[in-house]
Protein chains: 2
Amino acid sequence: MSMSASLRGRTSLARQLAEDVRSRIMSGEFAPGERLPSEADLVRRYEVSRVTVRTALRTLEAQGLVDVRHGSGSFVSDFGGGIRAGLQELRSISDTIREMGHEPRMERHASERRPATATETAKLGIPVGAEVLALERMVLADEQVVAYSFDVVPLDGFPVELVHQLGAGSLFATLAEAGIMPSRALAEVHAISDETIGWGPQKPVPGLYVLLDQVHFSRRGSAVAYSRTYFVEGRFQFVVLRTN
Amino acid sequence: MSMSASLRGRTSLARQLAEDVRSRIMSGEFAPGERLPSEADLVRRYEVSRVTVRTALRTLEAQGLVDVRHGSGSFVSDFGGGIRAGLQELRSISDTIREMGHEPRMERHASERRPATATETAKLGIPVGAEVLALERMVLADEQVVAYSFDVVPLDGFPVELVHQLGAGSLFATLAEAGIMPSRALAEVHAISDETIGWGPQKPVPGLYVLLDQVHFSRRGSAVAYSRTYFVEGRFQFVVLRTN
DNA sequence: GAGTGGTCTAGACCACCCT
DNA sequence: GGGTGGTCTAGACCACTCA
């Protein structure tokens, strides 16, 4: 397909196409409300099959970026310039922030090796007392706090030389390096009001958060991490396409 | 395809297949943890293409019923069976409550015909000043408040004889009767702390809610309702399967 | 009626898991 | 190596929207 070489790799054509269209939307090449090229056009332009085009459009639709209308075309959704993430799409927070045109940064606040708690053994399906690495991190976009994250990674079988790197940057990136890329996560969504969560000069007042309480699984079905991420209400926009 | 005639109709083959497999899972024909027939098997059994089979499997996976593993097969999820309100699954609140084994009840608090506000015209894509029916309702499960819902339905083209019925029971049911069954909704998820939301003797203190701010669309892509539903934190469990 | 998205097919090749 | 899912193609027909 005729897009920049940097996009090539082992990511699927559909994903590459979605990324490309998304970046064009972000850059303003396709403005909100505007109609995107038809599926047939996209087939010709990118030299892919229509199935691939449709897969990409469905991804963008699930992210709330485009609105596909039968018989009319696909239109760029009008959304507030905030960070908009499709809830059902699993990706690193860093990547999501970067894709929305902001600069992500992770700041590690605490890091501790300790036995897993009862909750953690249950969520992760590991033996009682198994060793885990517990992290407390702050997530920033353009130096503004967008979330506080509390992550727990089982250390059994985890490469020793990579342990210190956990939480230094993107957790996903380190997990991927260790060969256990999360491919699925089961998340619970909660509203939390708690002044004791968070830290730093930008600590939000009042402490109102959308909590994603989630267990990450590898492709083989084993739990690789348990995360509680508190997203500062209003700074991160979660959208879900619900269908029946 | 070779399934019961009652399933035939205007629903897609993929949906019929998904429904069929789901009912077999529910009936216990396929037990949790068990492997489903391979995609190739399903292609032969149901006499459909592999794309159709895969579409159906992806639907079941998104509902958390099936776990598809590359190279191994598709397995019936064993974390299922419990109480789960899949966020990406669009259904009426009443049905969801009933499926969770509780008795739903809707109590209409207010109902007003009025011109749409600026926000509503934008969300619903209707002309400025178009008439809408605005509802304020309380959602109960076993007589306990689980949510407060603020719904707006455009009245242009809506059957006059059904207007009074809107909000009396399930909104979905009335919309379906009017021939405009919501098939998709784009929802934003927020955490809200607001003491002024809600009413009645059970009004929660403090007022902490998970807000689903959503626009419902018909199959044809026209907006049929705009809802802001405030779910009392802790009483309704939202789960999302996230994949990449 | 022309153009758009919605669905479906048959076939191909690749990546992964297991034994 | 054999079976399984992951991705992709080219082509077909249908349903819907809009001028």
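In what follows, every chain begins at residue 1, and chains take the letters A, B, ... in the order their sequences are listed.
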Checklist entry - B:L60 CG to D:dG5 C1': how many Å, rounded? => result 15 Å
Checklist entry - Between A:R35 (CZ) and D:dA19 (C1'), how many Å, whole number? => result 13 Å
Next on the checklist: Between P on C:dG5 and CZ on B:F217, what's the gap in Å once rounded to a whole number?
Outcome noted: 17 Å
Next on the checklist: Classify B:R54 by what it touches in the nucleic acid, base, sugar-phosphate, or nothing, heavy-atom distance under 4.0 Å.
Outcome noted: base
Checklist entry - Rounded to the nearest Å, what distance is computed from the CG atom of residue A:D67 to the P atom of nucleotide D:dT17? => result 13 Å
Checklist entry - Which part of the nucleic acid, if any, lies within contact of A:R58, taking any heavy atom under 4.0 Å across all strands shown: a base, the sugar-phosphate backbone alone, or nothing? => result nothing
Item to check | From C:dC8, C:dT7, D:dG6, nucleotide with atom closest to B:E39 side chain | outcome: D:dG6
Next on the checklist: Without decimals, in angstroms, what is the distance between B:L42 CG and D:dG5 C1'?
Outcome noted: 12 Å
Checklist entry - In whole angstrom, what separates B:L36's CG from D:dG3's C1'? => result 16 Å
Checklist entry - Could you state the CZ-C1' distance from B:R44 to D:dT4, rounded to the nearest angstrom? => result 12 Å
Next on the checklist: At under 4.0 Å between heavy atoms, how does the protein contact nucleotides 9-19 of chain C? Give one character per nucleotide, 5' to 3', with B, S or -.
Outcome noted: BB-B--BBS--
Checklist entry - What residues form a side-chain contact (heavy atoms from CB on, under 4.5 Å) with B:S72, not counting sequence neighbours? => result B:R69, B:F75
Checklist entry - Touch check for B:T55, heavy atoms < 4.0 angstrom, all strands: base, sugar-phosphate only, or nothing? => result nothing
Checklist outcome for this item: Heavy-atom closest pair (A:T229 atom, A:A147 atom, distance to 0.1 Å) is CG2-CB, 4.0 Å
Item to check | Whole angstrom value for the distance that separates C1' of C:dC8 from OH of B:Y46 | outcome: 18 Å
